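The figures that follow rest on heavy atoms only: side chains count, while hydrogens, waters and symmetry mates do not. Letters go in sequence order (proteins before strands), and every chain restarts at 1. Remember, it's a predicted structure, so these values are computed and weren't measured experimentally.
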2 protein chains.
Amino acid sequence: MDFDILPELVGFHLRRAQVSVFNRFGRVIARAGVTPGQFGILVLIGANSGLTQSSLAKAAGVERSTMVATIDTLERKKLTERSPSPVDRRSYALILTPEGKSLLTKLKRAVREHEKRILRDFNPEEKDKLMEFLYRIWSAG
Amino acid sequence: MDFDILPELVGFHLRRAQVSVFNRFGRVIARAGVTPGQFGILVLIGANSGLTQSSLAKAAGVERSTMVATIDTLERKKLTERSPSPVDRRSYALILTPEGKSLLTKLKRAVREHEKRILRDFNPEEKDKLMEFLYRIWSAG
DNA sequence: TATTGTTATACTCTATAACTATA
DNA sequence: TATAGTTATAGAGTATAACAATA
């Protein structure tokens, strides 16, 4: 198969690497019943307890309406809760349940292991360079 | 907003950079009525004229059944054709129409311009390093 | 008037399983 | 028996537009 110009394109390599990493990460955490996207949401709620769905949606880069089903799913799994906001009766203060906190701790360990495997033949300087390159591509967007 | 461990994860930066690049690329070629995925398919057909849907699906990393609708779409746009295979009556020989060839030439120019913009503050050594890193991540998967 | 969460709806991308016609 | 293309179907993931409650 001739891939023509594709192997010269950073977009091609970027997508192929990202799909590969996401698939592997997805398999690792599927055992815990969550997806890579849900992991990200749990991290954000864990580190910003009491935030609203709107600010969470903005941080995750999706619409408010999209976040509704995401939070519904996490609530059904008993990982998060919509607690009433003390200051604004329109909104909820999102928090992790004890089970959510406990699972998040385990997931963070799993993701660190996964990252080590991804970067197992990168030395520390290469890892720094990679992170810097990816950050520069994103921030130029 | 506290992103906690996310900015330490290569998976996070990889995804964020890829989404950013794909969105920008998508806007560039949307004027021509095609998506990034369809661009990739056009490149593969262009460089491997007469290939079958099955081999194309395998190269693109999707199921045969998924490729049906993709080719239907490109055919509706008059960019590709299912011509009869001279050797196997079960399969088609996929080819670009003259319009498909002409559009692909323009799209390749657009993607090269787009790549230049993405990498505008990468020097040649950095670009090589980036491509190498992404290739290593994918090939280790 | 503006914002928060929600619903209804639709569209894209993907997979699995079963079918048909060929090989 | 096995393979190429297809269909039916389902499930993520996403967006837009409109709505009620509240600010």
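In this structure, B/V10 and A/E115 have side chains that are in contact, with non-hydrogen atoms separated by less than 4.5 Å. For the pair A/F133/A/R136, a side-chain contact is recorded, criterion being any heavy-atom separation below 4.5 Å from C-beta on. Taking 4.5 Å as the limit, every side-chain heavy atom of A/D121 sits out of range of all side-chain heavy atoms of A/E126. Contact annotation: the side chain of B/V68 never approaches that of B/R64 to less than 4.5 Å [non-hydrogen atoms, C-beta and beyond]. In this structure the side chain of A/D4 never reaches within 4.5 angstrom of the side chain of B/L44, judged on heavy atoms.
Residues satisfying the side chain to side chain donor-acceptor pair (under 3.5 Å) criterion with B/D128, sequence neighbours excluded, are absent altogether. By the ring pair (Phe, Tyr, Trp, His ring centres under 6.0 Å) test, B/H114 is found to be paired with B/F25, residues two or more places apart in sequence or in another chain being considered. Checked against salt bridge (charged side-chain N to carboxylate O under 4.0 Å, His left out), A/E81 has no partners two or more places apart in sequence or in another chain.
Against DNA chain D, the stretch residues 66-78 of chain A makes heavy-atom approaches under 4.0 Å through A/T66. Near-neighbour residues of DNA chain C inside residues 87-95 of chain A, defined by a heavy atom below 4.0 Å, number-ordered: A/R90, A/S91, A/Y92. For DNA chain D, the neighbouring residues in residues 50-64 of chain A, judged by any heavy atom under 4.0 Å, are A/V62, A/E63. Taking a 4.0 Å limit (strictly below) on heavy-atom distances, residues 15-24 of chain B does not reach DNA chain D anywhere.
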Considering only distance and modelled atom types, tabulate donor-acceptor pairs under 3.5 Å from the side chains of residues 31-42 of chain A, sequence neighbours left out.
| residue | atom | partner | partner atom | Å |
| --- | --- | --- | --- | --- |
| A/T35 | OG1 | A/Q38 | N | 3.1 |
| A/Q38 | OE1 | A/T35 | N | 3.2 |

Table please: side-chain donor-acceptor pairs of residues 98-106 of chain B below 3.5 Å, with sequence neighbours left out.
| residue | atom | partner | partner atom | Å |
| --- | --- | --- | --- | --- |
| B/E99 | OE1 | B/T97 | OG1 | 3.4 |
| B/T105 | OG1 | B/K101 | O | 3.0 |

Which side-chain N or O atoms in residues 51-58 of chain A pair as donor and acceptor under 3.5 Å with protein atoms at least two apart or in another chain?
| residue | atom | partner | partner atom | Å |
| --- | --- | --- | --- | --- |
| A/T52 | OG1 | A/S55 | N | 3.1 |
| A/T52 | OG1 | A/S55 | OG | 3.0 |
| A/Q53 | OE1 | A/R82 | NE | 2.8 |
| A/Q53 | OE1 | A/R82 | NH2 | 3.2 |
| A/S55 | OG | A/T52 | N | 3.3 |
| A/S55 | OG | A/T52 | O | 3.0 |

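Classified by interplanar angle (parallel below 30°, tilted 30° to 60°, perpendicular above 60°), the ring pair B/F12/B/F3 is tilted.
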Pull out every protein N or O sitting under 3.5 Å from an N or O of nucleotides 9-12 of chain D, one pair per line with the distance.
none

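With hydrogens and angles left out, the side chain of A/S65 and the base of D/dT16 share a donor-acceptor pair within 3.5 Å.
The two residues B/V21 and A/G11 have their closest heavy-atom pair at CG1-CA, 4.3 Å.
In terms of modelled atom types and a separation under 3.5 Å, the side chain of A/D2 and the main chain of B/N48 share no donor-acceptor contact.
Sorted by first and then second residue, the side chain to side chain donor-acceptor pair (under 3.5 Å) pairs with a member in residues 20-30 of chain A read A/S20-A/R24; sequence neighbours excluded.
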